[in-house]
Every structure is written in C-alpha cells, then in structure tokens.
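The structure appears right after this line, and notes come after that.
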Amino acid sequence: MWNVMGITALPEALYHYTSIETLALILGNRSLRFTRLDGVNDPEEATVSDLPGASTLVFASCWTAQDRESIAMWRMYTPEMQGVRIRLPNNPFLGRHAPTVWEKGGAGQRVDAEIVINRENDGLGITTYYVTGPNKIYYTDDQSYRSGPCLADEGGRWSVQLHDLGMVKNTYWAFEEEWRYKILATFSEAILHEPNPLAHPALDLMRYPVIEDALYVPLAEGSFTEMEVVLGPCITPGQELIVRALLEAYAPGATLRRSEINVRLRK
C-alpha cells in the first residue's frame, strides 16, 4: 500500500479539527477517543463484501497531515468554524514509542496501557497494547476495492485478512488527506479451518457483537507540551478565553495561535 500511495516516510505531526468541548475532554481525560466506524459520517467505512458488520470491528482516530489550514475541514468538523485545530506528534500515546513500519499492515506503535474490547454473550474479546498507525487512507472510485472481500477459501482452510479494514475511502473524501490510528476488535489476520469462517466466534458479529462504541487511549504527558492549538476562524472572544483557560490549567506548555483564515462573522 505504501508503494501504491507513494509514501516514503511518516509525517512527524498530525492535525485534528474539533470542537472546544472535545478539546476539553482530551485535556481533562488525558486521552484520545477512538470511534467505532459504524458511527462515523461515511456510511461506507470498513465495509467488505463477505463479513457483515465489519465496521463494528474497527475503532479509529482520524487526523490529517495538511499543515495548511483547510476551510472545508473547519466547516465539516467544527461548529460554525468556532472550534480548534489540534496538532500532536505522530506518537502521542502513553510510552511515546516510535512507530514501526511493517511490510503488512503499515505503521503501528505500542501503548503502555491496557486496551480492552468486550463482546456480548461471553464472546471472544481482546486485550491489546497496540495501536496501528498513523497510516494514510487510500482513496479510490473502485467500489470492488472499497468493499472487497477479506476472506479467502484456500481449499480446506480460510485465510482472514483484516489489515485494510477502515483504510479505503471514496475519492469524494480525498480532500481530507486523512491519516488514521486504528484498533481492531479481533485478530488482523488468521488461518481458520472451519467450513464456514463466519461461524467462528471472532467473526460472528451477529451472535457476539462488540460492546464498546468508543475506546479511550491514554496520551503521554510530553505530548501536551508539544501540542499546538489553532483557534477557529470564527471563534468568539468568550470562546478564546475558554480555550486559554483550558490550556493554562491542563497544558501550559502547549502553543496557542489564531487561525490564518479571515472569515466575516455573520450577524
């Protein structure tokens, strides 16, 4: 995938547009929220042709590598362009382990914290200390590629490949230049010997659905020192005071600056 997208190195920092409320939660809880992909704004997220409910297996935190501000991103991801843009290093999680790039599955990094995902009806949950990413989203108009198979019949056994779940999107979204951190609620690859792989407890999402709809991964204290916060183009004086108070209380080493985009406030 890296060869296809022409990626030669990971970005040193990534950017996230969000509300002031979410900034407060990140600072106060010292963590990043990973949202399950059946709850995001793109209904095609993590769909495959042979695994119903696949999007419930993927939790993601979505960022961009664009260092220049984007009006489109301000409008889509902040209320009335009155939110903030957060900048963090590419390894912000507890432990600050440098990302490793693998031949299969892209980049990933260890987290010095236990991440637990549970399944209903005593299904096979997992405990992990690992986040994949940051990895770049691949954009294509090829529907078969966006929703292709993840199960392969190899004659008496099934090969299961889930590395690319949640990593392919329609080109309508290409303007975001998205990079993503991701956690899977089951194994990323496996060899199964069942006649029907969907009967395996790890892949039977109807009988053993994932319980959590979000995960919270702790951030390292050093990440808050390296944090930059940009105030939205239409932020009010009162909102600016709130952001300044939040940073003074929770991240005094962070950098704060105003947006470079000029937008006339509506009366």
Side-chain angles (χ1 to χ4, degrees), residues 11-37 39-41 58-67 69-70 73-97 99 109-117 128-135 166 176 178-183 212-236 238-259:
E12 293 185 1
L14 293 167
Y15 305 85
H16 183 68
Y17 294 78
T18 191
S19 66
I20 295 173
E21 179 182 8
T22 297
L23 171 66
L25 292 172
I26 291 171
L27 294 172
N29 296 328
R30 318 308 266 179
S31 65
L32 279 184
R33 175 187 168 103
F34 281 60
T35 302
R36 207 171 71 185
L37 288 188
V40 299
N41 56 4
V58 186
F59 296 80
S61 179
C62 305
W63 297 69
T64 180
Q66 297 176 1
D67 58 355
E69 293 178 61
S70 164
M73 298 286 274
W74 278 120
R75 289 196 179 280
M76 286 191 67
Y77 296 111
T78 70
E80 303 297 326
M81 301 180 72
Q82 293 176 335
V84 295
R85 188 185 75 164
I86 301 167
R87 178 187 186 271
L88 282 175
N90 67 14
N91 62 333
F93 305 107
L94 195 63
R96 297 299 303 275
H97 296 283
Q109 54 192 284
R110 179 179 170 82
V111 179
D112 288 352
E114 190 176 81
I115 304 167
V116 180
I117 305 174
T128 183
Y129 299 84
Y130 195 76
V131 169
T132 62
N135 289 310
E176 294 184 338
E178 183 180 342
W179 287 71
R180 180 169 282 182
Y181 299 100
K182 190 175 69 171
I183 300 169
E212 290 80 7
D213 58 12
L215 302 172
Y216 296 86
V217 180
L219 294 167
E221 284 302 312
S223 298
F224 294 99
T225 302
E226 297 180 42
M227 175 185 281
E228 177 193 75
V229 176
V230 176
L231 299 168
C234 297
I235 206 157
T236 67
Q239 290 167 334
E240 180 176 344
L241 285 174
I242 291 171
V243 174
R244 289 186 180 278
L246 284 170
L247 293 182
E248 183 178 348
Y250 294 104
T255 301
L256 177 66
R257 65 179 178 86
R258 291 183 173 86
S259 173

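What you see below is based on every heavy atom in this structure, not just the backbone, and it leaves out hydrogens, waters and symmetry mates. In this chain, numbering begins with 1 at the start of the sequence shown.
Looking only at side-chain heavy atoms (C-beta outward), Leu215 and Thr35 stay at 4.5 Å or farther from each other. Counting only heavy atoms from C-beta outward, the side chains of Pro89 and Glu12 never approach each other to under 4.5 Å. When side chains are defined from C-beta on, Thr255 does not count as touching Leu247, because their heavy atoms never get closer than 4.5 Å. Put simply, the side chain of Val230 reaches to within 4.5 Å of the side chain of Trp74, judged on heavy atoms. With a 4.5 Å cut-off on side-chain heavy atoms, Val131 and Phe34 count as touching. Between Arg85 and Met73 the shortest side-chain heavy-atom distance does not fall below 4.5 Å.
Among Val111, Val217, Thr132, Val58, the single residue meeting the side chain to side chain contact (heavy atoms under 4.5 Å, CB included) criterion with Ile183 is Val217.
For the residue pair Tyr77 and Glu176, a side-chain donor N or O sits within less than 3.5 Å of a side-chain acceptor on the partner. Side-chain N/O atoms of Gln82 and Thr236 include no donor and acceptor closer than 3.5 Å.
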Handout entry: Test side chain to side chain contact (heavy atoms under 4.5 Å, CB included) applied to Phe224 and Leu27, step by step
Key = CA-CA 8 Å; Phe224 294 99; Leu27 294 172; 3.7 Å; yes
Exercise for the section: Would you please test Leu256 and Val243 for side chain to side chain contact (heavy atoms under 4.5 Å, CB included) and show each step? Expected result: CA-CA 9 Å; Leu256 177 66; Val243 174; 3.9 Å; yes
Exercise for the section: Any chance you could lay out the side chain to side chain contact (heavy atoms under 4.5 Å, CB included) test for Arg110 and Asp112, step after step, and finish with the verdict? Expected result: CA-CA 7 Å; Arg110 179 179 170 82; Asp112 288 352; 3.6 Å; yes
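A donor-acceptor contact shorter than 3.5 Å is absent between the side chain of Tyr17 and the backbone of Thr64. In this structure, Asn91 contributes its side chain and Pro99 its backbone to no donor-acceptor pair below 3.5 Å. Between the side chain of Arg36 and the backbone N or O of Glu212, at least one donor-acceptor pair lies under 3.5 Å. Put simply, the side chain of His16 gets close to the backbone of Cys62: a donor and an acceptor are under 3.5 Å apart. Between the side chain of Ser31 and the backbone N or O of Pro218, no donor-acceptor pair lies under 3.5 Å. For the pair Glu114 (side chain) and Thr128 (backbone), a donor-acceptor distance under 3.5 Å is absent.
The salt bridge (charged side-chain N to carboxylate O under 4.0 Å, His left out) contacts involving residues 20-34 comprise Arg30-Glu221, where partners must be two or more places apart or lie in separate chains. Applying the salt bridge (charged side-chain N to carboxylate O under 4.0 Å, His left out) test to pairs two or more places apart or on separate chains, none has a residue in residues 58-67.
To the nearest 0.5 Å, the span separating OH on Tyr15 from CZ on Arg87 amounts to 4.5 Å. To the nearest 0.5 Å, atom CG of residue Leu14 and atom CG of residue Asn90 are 6.5 Å apart.
For Phe93, the ring-ring contact (aromatic ring centres under 6.0 Å, His included) test picks out Tyr181, with sequence neighbours left out. Every residue two or more places apart in sequence or in another chain that forms a side-chain contact (heavy atoms from CB on, under 4.5 Å) with Thr22 is listed here: Thr18, Ser19, Ile26. In this structure Glu226 satisfies the salt bridge (Lys or Arg N to Asp or Glu O under 4.0 Å) test together with Arg96, sequence neighbours excluded. Under the side chain to side chain donor-acceptor pair (under 3.5 Å) criterion, Ser61 pairs with Trp63, not counting sequence neighbours.
Taking 4.0 Å as the cut-off between side-chain N and carboxylate O, Glu248 and Arg244 do not count as a salt-bridged pair. For the pair Arg257 and Glu228, the salt-bridge criterion is met [side-chain N within less than 4.0 Å of a carboxylate O]. Salt-bridge check for Glu80 with Arg75: failed, with every basic side-chain N at 4.0 Å or more from each acidic carboxylate O.
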